[in-house]
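The basis for the numbers below is simple: all heavy atoms, side chains too, and nothing from hydrogens, waters or symmetry mates. Below, chains carry the letters A, B, ... as their sequence lines are ordered, and counting in each starts from 1. Being a predicted model, the structure only gives us computed values, none of them experimental.
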Protein chains: 2
Amino acid sequence: MNVRQDIHNSDIPVLCRSCEVRHKGVCGALNADQLVTLSKHSSKYRVAAGEELVADSEHVSTYSNVLAGVVKLSKMLSDGRQQIVGLQFAPDFLGRPFRTESSLNAVAATEVSLCSFPASVIERMMEEVPELERRLLKQTLNELDEARDWMLTLGRKTAAEKVASFLHLVAVNIDPEASVGRGPVAYDLPLTRADIADFLGLTIETVSRQMTKLRKEGVIEIEHNRQITIPDIGRLGLHANI
Amino acid sequence: MNVRQDIHNSDIPVLCRSCEVRHKGVCGALNADQLVTLSKHSSKYRVAAGEELVADSEHVSTYSNVLAGVVKLSKMLSDGRQQIVGLQFAPDFLGRPFRTESSLNAVAATEVSLCSFPASVIERMMEEVPELERRLLKQTLNELDEARDWMLTLGRKTAAEKVASFLHLVAVNIDPEASVGRGPVAYDLPLTRADIADFLGLTIETVSRQMTKLRKEGVIEIEHNRQITIPDIGRLGLHANI
DNA sequence: CGACCGTTTGACGCAACTCAACTTCGGTGG
DNA sequence: CCACCGAAGTTGAGTTGCGTCAAACGGTCG
């Protein structure tokens with residue numbers, strides 16, 4: 001059931017046929033021939049939660065698409081204080097064109113499924129396929145919008161609003177349909193309390209207290225620490241001040 | 001002395017000949033013919049400090065290059081809390097392709113000189129000139145890097161470090177040479193204390209106290225509230241925890 | 001001159017941090 | 001099977017960095 005029906009499905013590389021994000025990520029810009037070229041140099045693989053994908057200031061020569069799971073992007077000060085500066089969900093593109101040195105750290109927050117390709121191949125195809133470059137520009141602009149939204153959260157929201165904003169953000173990314181409706185949303189938290197704290201610029205204890213507060217107010221339900229149910233996402237939005 | 005010597009200077013539009021940023025901003029991607037096309041629809045003008053350039057959720061149909069001065073990009077919560085999410089210096093491009101509705105507010109922080117053109121012209125040229133799209137991608141990637149750097153500042157630095165980081169950021173943007181050397185840097189602050197507070201996620205009073213502290217420690221000198229001298233930018237960097 | 005704006009300075013309060021104890025849960029091995 | 005362990009999370013008590021409120025200062029403009 002994973003195989004999509006395409007007009008020229010037979011031309012589509014085997015690796016790509018069962019790919020859930022083929023039409024969504026940057027690959028959506030490519031035709032069958034271009035997909036063949038790219039897939040020749042691509043490989044899918046899974047990494048466990050906690051694995052480091054890109055080390056800070058490491059030389060990067062491969063890019064990836066996130067097929068499933070969540071990747072956290074973080075920065076650190078010399079004394080160890082850490083800040084998560086972005087979360088990548090499927091079908092996000094992972095990599096920084098025009099710079100071989102990474103300025104941040106990419107770690108799998110959950111088990112992650114990736115499709116990787118050499119940077120050189122993508123860079124060559126960007127020359128040939130303007131639509132590919134355009135997709136990258138669009139994704140980068142979206143990430144910039146998200147980063148700026150989060151700056152407002154980091155700089156101006158209270159701890160309670162920050163935690164609600166985070167739960168809201170994950171809900172919207174895991175279930176894009178949910179954000180519009182008002183029905184219940186349920187998911188497994190992709191991050192530990194420590195990660196959430198690093199994403200929100202708070203401490204573990206403050207995150208824990210605010211989660212408890214939201215639970216007692218009936219805004220969320222929590223089971224086994226990680227399973228979250230949001231009965232009314234609109235109400236959560238109010239607490240997040242969105 | 002403003003007129004640059006080019007091989008085909010006579011082909012360069014009059015409007016562009018004296019332009020200080022022509023080779024740096026997105027215009028650097030264009031040849032003489034393309035510059036002529038663009039300049040036919042362009043106009044330079046100045047706006048006073050405090051003028052609004054783009055209102056939040058306003059329909060945007062023109063883009064601009066910043067030729068001189070500083071533009072602040074900000075976001076606001078419904079109750080009035082505000083966060084500046086970016087500063088644009090020359091020769092930055094001002095606008096958000098692929099979206100006609102602005103998600104933020106652009107206000108001149110100082111007197112600003114702009115070169116504006118209709119969005120439709122840029123969008124058409126992006127189709128024809130891949131190098132233009134590439135420049136936009138590069139600028140967007142740089143802005144994303146800066147936004148993420150600032151997220152670390154907002155989420156994890158102390159008030160003292162935040163203020164030092166801000167003074168350092170302005171120094172580097174106003175005098176790009178200065179950042180490498182260790183010599184003194186002097187500039188006029190482009191932002192009021194209120195703006196600085198909104199950029200750092202602090203209050204006016206805290207910004208003022210931290211500036212006073214840096215002054216008393218000899219890290220900076222302040223004259224007439226706005227004129228800043230940094231005797232040793234490396235030392236400022238230490239206080240900023242960079 | 002007085003009104004006003006941007007800024008500084010001081011006194012005080014509180015939201016979030018720190019430190020510490022405790023609980024829960026999954027895994028592991030005797 | 002239970003005992004033990006470490007990792008993750010919760011809860012409480014006390015502290016503190018920054019916010020709030022208030023007053024005063026200096027420059028500018030009508």
Side-chain angles (χ1 to χ4, degrees), chain A residues 48-51 72 77 79-83 107 109-111 153-167 188-217 220-228 239 241, chain B residues 48-50 72 77 79-83 107 109-110 153-167 188-217 220-228 239 241:
Chain A
E51 290 285 311
K72 51 184 187 187
L77 293 173
D79 59 8
R81 280 173 287 173
Q82 201 173 17
Q83 175 70 41
V107 178
T110 62
E111 188 185 30
T153 299
L154 288 174
R156 288 304 186 196
K157 289 191 186 174
T158 64
E161 291 167 336
K162 284 180 177 183
V163 171
S165 297
F166 168 74
L167 295 170
D188 264 33
L189 265 184
L191 268 58
T192 64
R193 299 290 187 274
D195 285 338
I196 299 172
D198 281 346
F199 192 36
L200 294 170
L202 298 172
T203 59
I204 300 178
E205 294 92 328
T206 300
V207 170
S208 178
R209 280 186 247 272
Q210 297 302 335
M211 300 258 300
T212 304
K213 198 166 139 243
L214 284 172
R215 179 171 53 70
K216 286 185 179 165
E217 290 171 352
I220 58 170
E221 289 152 29
I222 308 178
E223 272 170 315
H224 304 109
N225 286 338
R226 293 287 203 110
Q227 293 176 28
I228 304 290
H239 285 262
N241 219 317
Chain B
K72 50 184 185 183
L77 292 173
D79 60 6
R81 280 173 286 172
Q82 201 173 15
Q83 176 69 44
V107 178
T110 63
T153 300
L154 288 174
R156 289 303 187 196
K157 289 190 185 173
T158 64
E161 290 166 338
K162 283 180 177 183
V163 171
S165 297
F166 168 74
L167 295 169
D188 263 33
L189 264 184
L191 267 56
T192 64
R193 299 291 187 275
D195 285 337
I196 299 172
D198 281 345
F199 193 36
L200 295 170
L202 299 171
T203 59
I204 301 179
E205 294 91 329
T206 300
V207 171
S208 178
R209 280 186 249 270
Q210 298 302 335
M211 300 258 299
T212 304
K213 199 168 137 241
L214 284 172
R215 180 171 54 72
K216 286 184 177 163
E217 289 170 353
I220 58 171
E221 289 153 28
I222 307 177
E223 272 171 317
H224 305 109
N225 285 338
R226 295 285 205 112
Q227 293 176 29
I228 304 290
H239 285 262
N241 219 317

Whole angstrom value for the distance that separates [atom2] of [N] from [atom1] of [X]:
X: B:Arg81; N: C:dA15; atom1: CZ; atom2: P; value: 13 Å
X: B:Arg226; N: D:dG27; atom1: CZ; atom2: P; value: 15 Å
X: A:Ile222; N: D:dA8; atom1: CD1; atom2: C1'; value: 14 Å
X: A:Met211; N: D:dA8; atom1: CE; atom2: C1'; value: 12 Å
X: B:Asn225; N: C:dT8; atom1: CG; atom2: C1'; value: 9 Å
X: A:Arg193; N: C:dT24; atom1: CZ; atom2: C1'; value: 12 Å
X: B:Glu223; N: D:dG27; atom1: CD; atom2: P; value: 12 Å
X: A:Lys162; N: C:dC17; atom1: NZ; atom2: P; value: 7 Å

Quick one: list whatever passes salt bridge (Lys or Arg N to Asp or Glu O under 4.0 Å) with [X], sequence neighbours left out.
X: A:Lys72; result: A:Asp195
X: A:Glu111; result: A:Arg46
X: B:Glu205; result: none

Sequence-distant partners of B:Gln82, side-chain contact (heavy atoms from CB on, under 4.5 Å), two or more places apart: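 Testing B:Gln82 for side-chain contact (heavy atoms from CB on, under 4.5 Å), a comparison that skips the adjacent residues, returns B:Ser74, B:Met76, B:Asp198.
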End-to-end bend of the helix from C:dC1-D:dG30 to C:dG30-D:dC1 (five-pair axes, 10° rounding)?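 The angle, to the nearest 10 degrees, is 20°.
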A:Leu167, A:Ile228, A:Ile222 screened by side-chain contact (heavy atoms from CB on, under 4.5 Å) with A:Leu214, the one that passes: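 That would be A:Leu167.
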So, [X] side chain and [Y] main chain: donor-acceptor pair closer than 3.5 Å or not?
X: A:Glu161; Y: A:Thr158; value: yes
X: A:Ser208; Y: A:Ile204; value: no
X: A:Gln83; Y: A:Phe199; value: yes
X: A:Arg156; Y: B:Leu202; value: yes

Go along nucleotides 11-20 of chain D 5' to 3' and tag each nucleotide: B for a protein heavy atom under 4.0 Å from its base, S when only backbone or sugar atoms are that close, - otherwise. BBB----SSB
